[in-house]
Amino acid sequence: MDLGKLRGAKGKTDAPSSPSGNGSGDSRDVPSNRLKPKNITETRGFKQGVTGVGNMWSNYMAILDRYFKGMSRPDQEQLITRGCQIVTVGCAIVLTTFFYQFIPLLVRVFALPLFIVGSWFVATKVVAPIILAQFEEKLNPPE
């Protein structure tokens with residue numbers, strides 16, 4: 001075993017080492033003339049995988065863009081409103097799970113449905129109009 005090739009080792013080694021570095025001559029060892037990558041993101045396979053995933057994502061986004069532009073303006077607004085409702089009610093439900101066990105049973109029975117209905121109302125009347133205003137330039141013109 002040649003310890004002279006370790007990081008920080010200074011000086012020359014006495015005997016020449018085998019190309020595999022461990023003297024066994026395995027075919028799975030990396031030749032000494034190729035540098036090993038420092039992390040997985042520098043490997044050729046990782047770079048090809050990232051490129052493939054990037055191409056798939058851009059194709060998917062192009063399909064969504066084409067479909068969204070093909071919708072009528074009321075359908076676009078309804079889609080955005082439904083998405084806002086799903087996200088807002090989902091966040092409200094996740095928030096209630098943090099405090100659910102600390103709330104008395106009688107309060108849970110009445111407060112939980114009111115909280116969910118309130119989050120739906122906020123999503124419809126507050127969040128959706130804000131998001132629609134943000135996406136105004138991407139929506140089709142009104143008919």
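Hydrogens, waters and symmetry mates play no part in the numbers below; they use all other heavy atoms, side chains included.
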Looking only at heavy atoms, which two atoms of [X] and [Y] are closest? And how far apart?
X      : Y      : answer
Leu139 : Phe68  : CD2-CZ, 3.5 Å
Ile130 : Val126 : CG1-O, 3.2 Å
Ala128 : Cys84  : CA-SG, 3.8 Å

>> If we ignore hydrogens and angles and just use 3.5 Å, is the side chain of Thr124 paired with the main-chain N or O of Phe121 as donor and acceptor?
In response: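 It does not hold such a pair.
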Check your understanding: Do Gln78 side-chain atoms and Pro74 backbone N/O form a donor-acceptor pair below 3.5 Å?
Key -> no
* If you measure from the Lys or Arg side-chain nitrogens to the Asp or Glu carboxylate oxygens, is any gap between Arg73 and Glu77 under 4.0 Å? -> yes
If you round to the nearest 0.5 Å, how far is [atom2] of [Y] from [atom1] of [X]?
X      : Y      : atom1 : atom2 : result
Lys47  : Ile40  : NZ    : CD1   : 12.5 Å
Leu114 : Ile116 : CG    : CD1   : 9.5 Å
Phe46  : Thr43  : CZ    : OG1   : 7.0 Å
Lys138 : Leu132 : NZ    : CG    : 14.0 Å

_I'd like to know whether Ile93 forms a side-chain contact (heavy atoms from CB on, under 4.5 Å) with Phe115, so could you lay out the CA-CA distance, the side-chain angles of the two residues, the decisive distance to 0.1 Å, and finally the verdict._
CA-CA 9 Å; Ile93 290 173; Phe115 190 66; over 6 Å; no
(Q) Would you say Val127 ends up clustered with Leu79 if hydrophobic residues are merged whenever their side chains have heavy atoms under 4.5 Å apart, either directly or through other cluster members? (A)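 Shared cluster, yes.
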same_hphob_cluster(Val122, Val94) at 4.5 Å side-chain heavy-atom cutoff |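 No, Val122 does not connect to Val94 through the hydrophobic network.
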- Just wondering, more than 12 heavy atoms not from Leu64 lying within 6.0 Å of its CG?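 For Leu64, atom CG is crowded (more than 12 foreign heavy atoms under 6.0 Å).
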* Between the side chains of Arg82 and Gln85, does any donor sit under 3.5 Å from an acceptor? -> yes
Just checking, is any N or O donor in the side chain of Asp75 or Ser72 under 3.5 Å from an acceptor N or O on the other one?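 Looking only at side-chain atoms, Ser72 and Asp75 do form a donor-acceptor pair, the distance falling under 3.5 Å.
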